[in-house]
Amino acid sequence: MMRKRVERALLVLGWGAVVAAVAGIVLHVVDWHQKSMVLLASGAMWLMLGAVVGLVLLLLARGWRSSGAAVLVLAGAAWLVVPSYIPEARAAGGPELVVMQSNILFGKADPVAVVGAVRENDVDVLTVEELTIDSITGLREAGLEERLPYFYLEPAQSGGGGTGIYSRYPLRDNKKYDGFIMSNISATMQHPQRGPMSVFAFHPIPPNLDFGAWSAEMRRVDEILAATSAPAIVGADFNATHDHSAYRALLDGAFASAADQTGDGVLLTYPADRRWGPVIGIDHILVAGGVAEQIRTLTIPGSDHRAVLATIRMDL
């Protein structure tokens, strides 16, 4: 009698987990236009893990038919998730470029830590979001401009609207794009071996603050990237995860996710200032005309985002 009760409980819990996984799959695949659904989609990856949990529970309950259904759901989740964890087969033969992307939380991140990461990892290009006038001074005093002497900066007096690009190599054709609430910018970097390369720093408004603007800004980013020729790199806080169709749309053309190329999949970057975080990945490095060889995240004290660091081998 007790055994049957346990099995019944396991069946209920197992099916609950499987249903959660189905919800995660639906949240991932549908191009949602409702704020609530887009926000829920941010955590679709975690819901899809319910397929694994559900299968284990259903097997323990000896619910063989139910287990078969769980296997189908698990296969669907794997079809969506696993490709990001398979390294790109091709290699590039051009120069190496080390790129760092960092949201510095209204300019409050420790400038010494930011510059230390740049120095220790021999960074060539740094993209920065939530750059303020005061943080520029702090980064300068910490020695950033000695390491990356070329820069295009659109800072804010305060708040999160400022954005910047720092480079080891000369920058020209600086551009601030219209159609955005915060500063979204690009420049052409003159690489000594690869020649001119486009560098973008994007920061769409968070969807929870202004969903309509976020949707429009993500479409605007897609338009900008679709009109860009390789070689190019992007450092961004898109306020979007791999589970958002608006983010995946950016990867339909010449650009690829550096984390997908290395097989590292989802890099969790936010919120980094909570004991239970980070739980979602909204900071990304994209590349066109090259292949990322390594990628990882870095803790930057004072920021609520983990920085992303990628080593990219450009095509010749």
Side-chain angles (χ1 to χ4, degrees), residues 98-172 174-177 180-187 189 199-206 208-210 213-214 217 221 233-240 267 269-274 277-278 281-285 296-310:
V98 180
V99 181
M100 180 172 159
Q101 147 65 26
S102 185
N103 179 312
I104 59 173
L105 183 58
F106 308 146
K108 296 178 181 178
D110 182 357
V112 174
V114 174
V115 176
V118 168
R119 182 181 297 110
E120 292 166 14
N121 295 285
D122 203 21
V123 169
D124 297 301
V125 178
L126 169 67
T127 55
V128 185
E129 288 80 43
E130 304 198 9
L131 184 72
T132 63
I133 294 173
D134 287 344
S135 65
I136 291 174
T137 301
L139 291 168
R140 180 183 299 120
E141 292 175 349
L144 181 59
E145 293 174 14
E146 297 172 11
R147 304 291 301 186
L148 304 176
Y150 304 97
F151 41 88
Y152 169 37
L153 311 177
E154 291 284 353
Q157 183 68 43
S158 60
T163 308
I165 297 171
Y166 288 87
S167 171
R168 184 187 303 272
Y169 309 112
L171 299 175
R172 57 179 172 82
N174 301 340
K175 184 172 184 178
K176 180 180 179 181
Y177 293 96
F180 295 92
I181 294 173
M182 299 188 286
S183 295
N184 287 252
I185 64 176
S186 72
M189 180 180 70
V199 180
F200 297 89
F202 289 120
H203 192 198
I205 195 78
N208 58 306
L209 296 184
D210 191 331
W214 174 82
E217 290 181 7
V221 171
I233 56 172
V234 176
D237 168 8
F238 283 123
N239 282 303
L267 297 176
T269 62
Y270 180 86
D273 59 346
R274 300 289 189 271
I282 59 177
D283 296 85
H284 306 270
I285 291 175
R296 61 190 177 96
T297 62
L298 304 171
T299 297
I300 303 295
S303 176
D304 57 347
H305 290 246
R306 287 178 66 84
V308 180
L309 181 75

Quick check: closest heavy atoms across [X] and [Y], and the distance to 0.1 Å?
X: L171; Y: Y152; value: CD1-N, 3.9 Å
X: E129; Y: A201; value: OE2-CB, 4.2 Å
X: T163; Y: I185; value: O-CD1, 3.8 Å
X: L148; Y: D124; value: CD2-O, 3.6 Å
X: W214; Y: A240; value: CZ2-CB, 3.8 Å
X: A142; Y: V115; value: O-CG1, 3.3 Å

**Message:** F238 vs I282, test: side-chain contact (heavy atoms from CB on, under 4.5 Å). Steps then yes/no.
**Reply:** CA-CA 6 Å; F238 283 123; I282 59 177; 6.0 Å; no
So, taking the atom named [atom1] in [X] and the one named [atom2] in [Y], what distance separates them when rounded to the nearest 0.5 Å?
X: L126; Y: N121; atom1: CG; atom2: CG; result: 11.5 Å
X: L105; Y: I300; atom1: CG; atom2: CD1; result: 12.0 Å
X: D210; Y: I205; atom1: CG; atom2: CD1; result: 6.5 Å
X: M100; Y: L298; atom1: CE; atom2: CG; result: 6.0 Å
X: H203; Y: M182; atom1: NE2; atom2: CE; result: 3.5 Å
X: R296; Y: L267; atom1: CZ; atom2: CG; result: 11.5 Å

Is the closest side-chain heavy-atom distance between [X] and [Y] below 4.5 Å?
X: M189; Y: P170; answer: no
X: V123; Y: V99; answer: no
X: I133; Y: Q157; answer: yes
X: T297; Y: L309; answer: no
X: P155; Y: I136; answer: yes
X: D110; Y: I104; answer: no
X: S303; Y: D273; answer: no

**Prompt:** Going by the angle between their ring planes, with limits at 30° and 60°, are Y177 and F180 parallel, tilted or perpendicular?
**Reply:** perpendicular
**Message:** I'd like to know if the side chain of E130 and the backbone of G162 have a donor-acceptor N/O pair within less than 3.5 Å.
**Reply:** no
**Message:** Tell me if a side-chain donor or acceptor on S167 pairs with a main-chain N or O of Y169 at a distance below 3.5 Å.
**Reply:** yes
**Message:** Walk me through whether D304 and Y270 qualify under side-chain contact (heavy atoms from CB on, under 4.5 Å).
**Reply:** CA-CA 6 Å; D304 57 347; Y270 180 86; 3.4 Å; yes
**Message:** Hydrogens and angles aside, do N103 and R306 bring a side-chain donor and acceptor to less than 3.5 Å of each other?
**Reply:** no
**Request:** Would you check if there is a donor-acceptor pair between the side chains of T127 and Q101 at a distance under 3.5 Å?
**Result:** yes
**Item:** Criterion side-chain contact (heavy atoms from CB on, under 4.5 Å) on E145 and Y166, from CA distance to verdict
**Value:** CA-CA 8 Å; E145 293 174 14; Y166 288 87; 4.3 Å; yes
**Request:** Kindly indicate, with the supporting measurements, whether the criterion side-chain contact (heavy atoms from CB on, under 4.5 Å) is fulfilled by V234 and I285.
**Result:** CA-CA 5 Å; V234 176; I285 291 175; over 6 Å; no
**Item:** Presence of salt bridge, R168 and D122, under 4.0 angstrom
**Value:** yes
